[in-house]
A.B. asks: 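Got a structure for you, questions after.
Note: hydrogens, waters and symmetry copies are ignored here, and every other heavy atom, side chains too, is used. Only a predicted model underlies this, so the values are computations on that prediction, with no experimental measurement involved.
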Amino acid sequence: MTAYRPQTTMPLPTLTEPDLTRLGLEVPLSRVDKALAELWESDSAKTRASLINFALYTEDSADLSRNMELLETITAEHACRALLILNLPDAPAANARAYINALCRPYQGQQVVCSEQIAFILEKGSPQSVQNIVFAHLDSDLPLVVLWQGTLTRNFDERLYSRIDTLIIDSSRWENPAAELAALSAALESETADFDVRDLSWTRSHFLRMSLAGCFQDARALEHLPHIDQIEVTHAAGHRMAALLLGAWIAHRLGGEPSPDLRFRRPDGAEIQLTLTEAASGPALQHLALAAPDLSLKIDRDPDSRFVHLCASCPDHENEEIYPADVESDADLIGEQLSRAGGRTLYSSLIPQIRQLLAPAE
């Protein structure tokens with residue numbers, strides 16, 4: 001089965017020469033591997049290093065400059081062969097251009113260690129041409145991690161995702177999360193697919209999840225855990241999916257089954273109400289509150305602080321703690337996922353829950 005999403009027609013962009021120059025040396029597609037070999041032969045002071053294949057795929061030219069900056073930051077900590085792919089499916093005619101570059105950093109004050117960057121600009125790229133570009137330029141048998149930016153278009157094809165080990169997405173960029181999750185579910189259910197999914201929106205809630213777990217190390221708070229009936233999450237504009245994922249995870253852990261009105265029903269008939277509030281600015285996730293008849297728990301992050309403040313109170317008992325907040329930059333979030341590449345995460349198990357919450361109310 002192939003996951004398919006219709007493409008959104010966009011005006012064709014103009015790529016400036018400064019943008020193209022930053023991509024490195026332009027080479028014919030047929031000479032990419034040979035040109036890379038010549039690049040290393042010409043400078044014996046540089047050492048090529050690679051632990052993974054890391055492909056960044058986008059169909060939005062506005063991502064090009066941003067992705068180059070992402071790679072410069074990411075490769076400072078993670079040695080890889082980086083495939084930077086910009087596909088312009090609405091171009092009038094098919095064409096492909098390739099560029100090679102070395103992203104280098106000093107190592108132990110003496111050696112210079114470099115990751116390879118191969119950039120491709122595809123005009124009117126088909127699923128087959130995208131697959132050919134990716135598969136033909138992978139580094140030996142190293143794992144393939146793909147950062148797919150934006151909509152899961154028709155180019156997110158079964159023959160492509162069947163080769164992916166880890167797929168990184170950012171659901172905060174989706175205009176229609178329900179449709180995107182349906183496409184993602186179809187891909188995960190394919191007999192040929194065996195990839196794990198990492199959503200940056202889920203990663204953004206890591207510090208709150210860790211703080212929450214720390215709170216219930218308190219025996220008095222733990223007593224009231226089964227009776228929680230209110231969950232409130234405050235999020236910045238554009239980060240509703242991060243809040244929804246966090247709230248759904250908590251309710252699911254409490255045994256609740258979701259419905260589209262953000263209510264979760266427990267087996268005993270009790271309900272948990274999830275409330276999402278949008279803030280005009282600030283961090284992606286700013287406030288989490290859980291309430292039970294005899295428990296009030298709040299976790300707050302000040303926009304200018306690197307820490308979160310937790311306060312839990314129940315009759316005759318109060319507990320306050322300070323926990324570190326995670327970094328919020330995309331480069332750091334992606335770097336965390338590359339560090340954890342391999343194995344499985346909780347995210348895939350949350351997809352059915354989120355799809356039910358996003359389903360139209362009957």
A.B. asks: For Asp165 and Val145, indicate whether the former's side chain and the latter's backbone hold a donor-acceptor pair under 3.5 Å.
C.D. replies: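 No, Asp165 side chain to Val145 backbone: no donor-acceptor pair under 3.5 Å.
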A.B. asks: Are the charged groups of Asp170 and Arg204 less than 4.0 angstrom apart, N to O?
C.D. replies: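 Yes.
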A.B. asks: Determine, for Arg220 against Asp294, whether the closest basic-nitrogen to carboxylate-oxygen distance falls under 4.0 angstrom.
C.D. replies: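 The answer is no: the pair does not qualify as a salt bridge.
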A.B. asks: Among Thr166, Thr203, Thr345, which one satisfies side-chain hydrogen bond (donor to acceptor under 3.5 Å, both in side chains) with Gln337?
C.D. replies: Thr203
A.B. asks: Any ion pair linking Asp268 and Arg266 (charged N to carboxylate O, less than 4.0 Å)?
C.D. replies: no
A.B. asks: Atom CG of residue position Asp141 - does it have more than 12 heavy atoms of other residues, nucleotides or ligands inside 6.0 Å?
C.D. replies: no
A.B. asks: Let's go through Arg31 and Glu38 carefully: what are the C-alpha distance in whole Å and the side-chain angles of both, what is the deciding distance for side-chain contact (heavy atoms from CB on, under 4.5 Å) to 0.1 Å, and is it a yes or a no?
C.D. replies: CA-CA 10 Å; Arg31 291 197 74 254; Glu38 293 171 352; 3.0 Å; yes
A.B. asks: Would you say Glu77 has more than 12 foreign heavy atoms packed within less than 6.0 Å of its CD?
C.D. replies: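 At most 12 heavy atoms, drawn from other residues, nucleotides or ligands, come within 6.0 Å of this atom.
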A.B. asks: Charged N to carboxylate O below 4.0 Å: is that the case for Arg66 and Asp330?
C.D. replies: yes
A.B. asks: Suppose we call two aromatic rings close when their centres sit under 6.0 Å apart. Are Phe264 and His252 close by that rule?
C.D. replies: no
A.B. asks: Which residues pass the salt bridge (charged side-chain N to carboxylate O under 4.0 Å, His left out) test with Arg265, sequence neighbours left out?
C.D. replies: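 For Arg265 the salt bridge (charged side-chain N to carboxylate O under 4.0 Å, His left out) partners, ignoring immediate neighbours, are Glu271.
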A.B. asks: Given side-chain contact (heavy atoms from CB on, under 4.5 Å), test Val32 with Ile100 step by step and report yes or no.
C.D. replies: CA-CA 7 Å; Val32 167; Ile100 62 170; 4.3 Å; yes
A.B. asks: When you measure from the centre of the six-membered ring of Phe207, is the NZ or CZ of Arg301 closer than 6.0 Å and no more than 45° off the axis?
C.D. replies: yes
A.B. asks: List the steps, then state whether ring pair (Phe, Tyr, Trp, His ring centres under 6.0 Å) holds for Tyr323 with Phe307.
C.D. replies: CA-CA 6 Å; Tyr323 290 93; Phe307 298 91; over 10 Å; no
